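Each remark here refers to the structure printed beneath this line.
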Amino acid sequence: MSDPKSAPAKIVTAAIVVIGDEILSGRTQDKNMAWLAGRLNDIGVQLSEARVVPDIEAEIVAAVNALRAKFDYIFTTGGIGPTHDDITADSIAAAFNVGIDHHPEAMALLTRHYETSGIEFNDARKRMARIPDGASLINNPVSKAPGFRIENVYVMAGVPTIMQAMFEEIAPQILGGPKVLSRTIGAGLPEGRVAEKLGALQKIYPDVSMGSYPYFRQGEVGTNLVLRSIDKAMLDAAYDALAAYLKGEGVFVVETT
């Protein structure tokens with residue numbers, strides 16, 4: 001019988017589905033993906049895939065169903081407002097093959113919100129209370145219209161400030177694994193000069209992700225070499241090997257801790 005203490009830590013993964021024609025048209029720039037990737041990493045969840053899909057139910061359903069079977073957590077952003085093209089809730093209901101209706105708790109909180117605000121709670125705004133059957137609400141401390149969770153799929157607003165506030169409401173529910181650690185070396189050489197060595201090191205340290213990212217500053221051509229891993233000892237060993245190689249080649253390097 002194996003010792004559970006010696007078993008490798010489970011990597012917890014997530015994907016994001018960014019929903020909206022306005023993202024694909026370029027009218028709106030997505031800011032949620034980068035923020036969510038960083039925040040998830042804080043918790044110990046690796047954002048492993050991202051998809052941007054239009055306001056088409058079949059596309060949303062296909063993306064959500066493919067990803068929820070593949071990853072531990074799925075987060076969707078966008079498409080839960082009051083207008084006709086806000087079809088995320090209906091699409092998620094279709095993905096799970098469940099009904100959708102006005103949720104009593106969502107209706108109550110939105111009724112209070114609009115009464116307090118002195119704004120008419122019309123049929124369009126009531127659309128924001130339509131929640132798939134069996135889903136639980138995600139609190140929205142900014143504009144009150146809730147998101148929702150169904151199984152491992154979390155549905156949130158597209159407006160960054162609202163999405164971020166919603167995520168902080170659910171963050172305590174997210175069970176992460178080991179965090180991904182990162183170290184960077186800035187090297188004063190084109191990435192083509194280090195590509196072969198980086199490939200060789202990748203074979204020696206398969207559990208360390210290695211990437212090269214060229215930069216151009218004031219006529220200087222250089223490369224940022226980024227190493228990432230959940231294993232600190234392995235990460236440090238790979239980093240030291242790469243730094244030693246570059247220094248041995250007489251390359252000017254800027255090391256980070």
Side-chain angles (χ1 to χ4, degrees), residues 6-18 23-24 26 28-52 63 66-67 70-75 77 160 163-164 167 171 174-257:
S6 65
K10 180 184 183 300
I11 304 300
V12 181
T13 58
I16 181 173
V17 181
V18 180
I23 301 294
L24 291 167
T28 300
Q29 292 185 347
D30 176 70
K31 298 179 180 179
N32 292 324
M33 192 184 307
W35 185 90
L36 192 58
R39 189 66 184 87
L40 286 171
N41 193 59
D42 291 340
I43 299 173
V45 178
Q46 294 186 30
L47 184 60
S48 301
E49 189 168 333
R51 299 191 187 186
V52 182
L67 295 173
K70 186 178 178 183
F71 300 107
D72 296 300
Y73 295 102
I74 307 303
F75 301 93
T77 63
M163 188 281 292
Q164 292 172 22
F167 182 83
I174 307 299
L175 301 178
K179 295 182 181 180
V180 177
L181 306 174
S182 176
R183 298 190 69 180
T184 301
I185 296 177
L189 81 175
E191 64 176 341
R193 276 188 56 195
V194 75
E196 185 176 348
K197 181 61 177 180
L198 204 62
L201 282 175
Q202 183 69 86
K203 293 178 181 178
I204 298 172
Y205 302 99
D207 294 328
V208 179
S209 171
M210 302 183 183
S212 61
Y213 307 93
Y215 64 80
F216 306 90
R217 289 196 293 262
Q218 298 177 339
E220 177 192 0
V221 177
T223 306
N224 285 320
L225 302 164
V226 181
L227 310 184
R228 303 173 74 242
S229 179
I230 62 171
D231 187 325
K232 185 177 186 304
M234 196 69 69
L235 175 65
D236 289 344
Y239 179 93
D240 290 343
L242 180 58
Y245 164 75
L246 292 169
K247 291 176 181 177
E249 293 292 306
V251 177
F252 174 74
V253 300
V254 177
E255 301 181 54
T256 64
T257 57

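Computed from a predicted structure; not experimentally measured.
- When Thr13, Ile43, Val12 are each tested for a side-chain contact (heavy atoms from CB on, under 4.5 Å) with Tyr73, only one passes: Val12.
- With rounding to the nearest 0.5 Å, the separation of CZ in Arg51 from CG in Leu67 is 4.0 Å.
- Across every non-hydrogen atom of Val251 and Gly188, the tightest pair is CG1-N, 3.9 Å.
- Atom CE of Met210 sits about 8.0 Å away from atom CD1 of Ile204, to the nearest 0.5 Å.
- Side-chain contact between Asp30 and Val52: absent, with no pair of heavy atoms (C-beta onward) separated by less than 4.5 Å.
- In this structure, the side chains of Leu47 and Asn41 stay at 4.5 Å or more apart for every pair of heavy atoms.
- Using a 4.0 Å cut-off between a side-chain N of Lys or Arg and a carboxylate O of Asp or Glu, Lys197 and Glu249 do not qualify as a salt bridge.
- The heavy-atom pair separating Val45 from Gly176 by the smallest distance is CG2-CA, 3.9 Å.
- The side-chain heavy atoms of Met163 and Phe75, taken from C-beta on, include no pair separated by under 4.5 Å.
- Once rounded to the nearest 0.5 Å, the distance linking CG of Leu175 with CG of Asp72 reads 10.0 Å.
- Note that OG1 of Thr77 is 13.5 Å distant from NZ of Lys31, once rounded to the nearest 0.5 Å.
- Looking at Asn32 and Val18, their side chains never come closer than 4.5 Å, going by heavy atoms from C-beta outward.
- With a 6.0 Å radius and a threshold of 12 heavy atoms from other residues, nucleotides or ligands, Tyr215 has its OH atom above the threshold.
- Between Ser48 and Phe71, some side-chain heavy-atom pair lies under the 4.5 Å cut-off.
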Do any side-chain atoms of residues 224-235 form donor-acceptor pairs under 3.5 angstrom with protein atoms, and if so which ones, sequence neighbours left out?
{"from": "Ser229", "atom 1": "OG", "to": "Asp207", "atom 2": "O", "distance (Å)": "2.9"}
{"from": "Ser229", "atom 1": "OG", "to": "Asp231", "atom 2": "N", "distance (Å)": "3.0"}
{"from": "Asp231", "atom 1": "OD1", "to": "Ala233", "atom 2": "N", "distance (Å)": "3.1"}
{"from": "Asp231", "atom 1": "OD1", "to": "Met234", "atom 2": "N", "distance (Å)": "3.0"}
{"from": "Lys232", "atom 1": "NZ", "to": "Asp236", "atom 2": "OD2", "distance (Å)": "2.7"}

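- Taking 4.5 Å as the limit, every side-chain heavy atom of Tyr239 sits out of range of all side-chain heavy atoms of Val208.
- The salt bridge (Lys or Arg N to Asp or Glu O under 4.0 Å) pairs that include a residue from residues 209-221 number zero, where partners must be two or more places apart or lie in different chains.
- The CD atom of Gln29 sits 9.0 Å away from the CD1 atom of Ile23 when rounded to the nearest 0.5 Å.
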